[in-house]
Structure formats: C-alpha cells, structure tokens
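Numbers here simply count residues along the sequence, with the first being 1.
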Amino acid sequence: MSQKNKRKTFKFNEDDILEILTEYLAEENGFETFQSRAILLGRPGKDLRLISVIVDLEDDDISKLDLEDIDNKIEFNGSH
C-alpha cells in the first residue's frame with residue numbers, strides 16, 4: 001500500500017477548526033491578507049453552525065462585531 005492510500009486520522013480542537021474554516025473561506029473569496037473573527041454556535045448533531053467575518057487588514061472595526069448578534073440577523077448563506 002502506498003503512502004498515498006494509507007488511512008490518516010485527525011483530531012482538531014475548536015481553535016484549529018475555526019482557523020481551518022476561516023482560511024478556507026478567505027481563500028475562496030479572494031482574500032490574500034485578512035483579519036477574521038469566528039465562532040461556533042449550537043450543538044453538534046442539532047444546530048451547530050459557524051459564524052465567520054473576514055475583512056481586509058485595513059478594517060479595524062472587526063473587533064467590535066458581536067458574532068452572536070450577527071447569527072440572529074442573517075440567514076444561512078454558505079455555498080455547500
């Protein structure tokens with residue numbers, strides 16, 4: 001069996017999950033350098049969801065965003 005076909009197992013903590021997802025979203029949306037804030041809300045298997053905001057480096061207002069308030073105001077808009 002080649003190295004390419006071997007099983008790989010991963011275990012990520014919350015910070016890793018948020019970083020991976022945010023970096024993916026930034027790349028998919030054309031950001032090269034960016035700032036982001038993200039949070040996982042809900043319960044696994046029930047209503048788990050990611051709220052993520054990605055901005056250019058020049059946007060200093062990102063630290064003031066209330067991600068839980070954003071969650072309450074927007075509908076799901078992911079591409080998957």
Answer yes or no: is there a donor N or O on one side and an acceptor on the other, between the side chain of [X] and the main chain of [Y], under 3.5 Å?
X	Y	result
D66	E68	yes
D59	V55	no
D71	L67	no

- Message: Please evaluate residues L41 and I51 with respect to the criterion side-chain contact (heavy atoms from CB on, under 4.5 Å), reporting the C-alpha separation (whole Å), side-chain torsions for both, the decisive distance (0.1 Å), and the verdict.
- Response: CA-CA 8 Å; L41 297 171; I51 307 302; 3.9 Å; yes

Hydrophobic clustering (ILVMFWY, side-chain heavy atoms < 4.5 Å, transitive) - are [Y] and [X] grouped together?
X	Y	value
L25	V53	no
L18	F31	yes
I62	I39	yes
L65	L50	no

- Query: When the ring planes of F12 and F10 are compared, do they come out parallel, tilted or perpendicular, using 30° and 60° as the limits?
  - Reply: parallel

- Item | L57: side-chain contact (heavy atoms from CB on, under 4.5 Å) partners, not counting sequence neighbours | T33, Q35

- Message: Can you give me the closest heavy-atom contact between S36 and I54, atom names plus distance?
- Response: CB-CG1, 4.2 Å

- Can you see which heavy atom on D47 is nearest to which on R49, and at what distance? O-NH1, 2.8 Å

- Task: Could you please spell out the steps behind the side-chain contact (heavy atoms from CB on, under 4.5 Å) verdict for E19 and D15?
- Result: CA-CA 6 Å; E19 182 177 344; D15 289 338; over 6 Å; no

- Do L40 and I17 come within less than 4.5 Å of each other through their side chains, counting heavy atoms only? yes

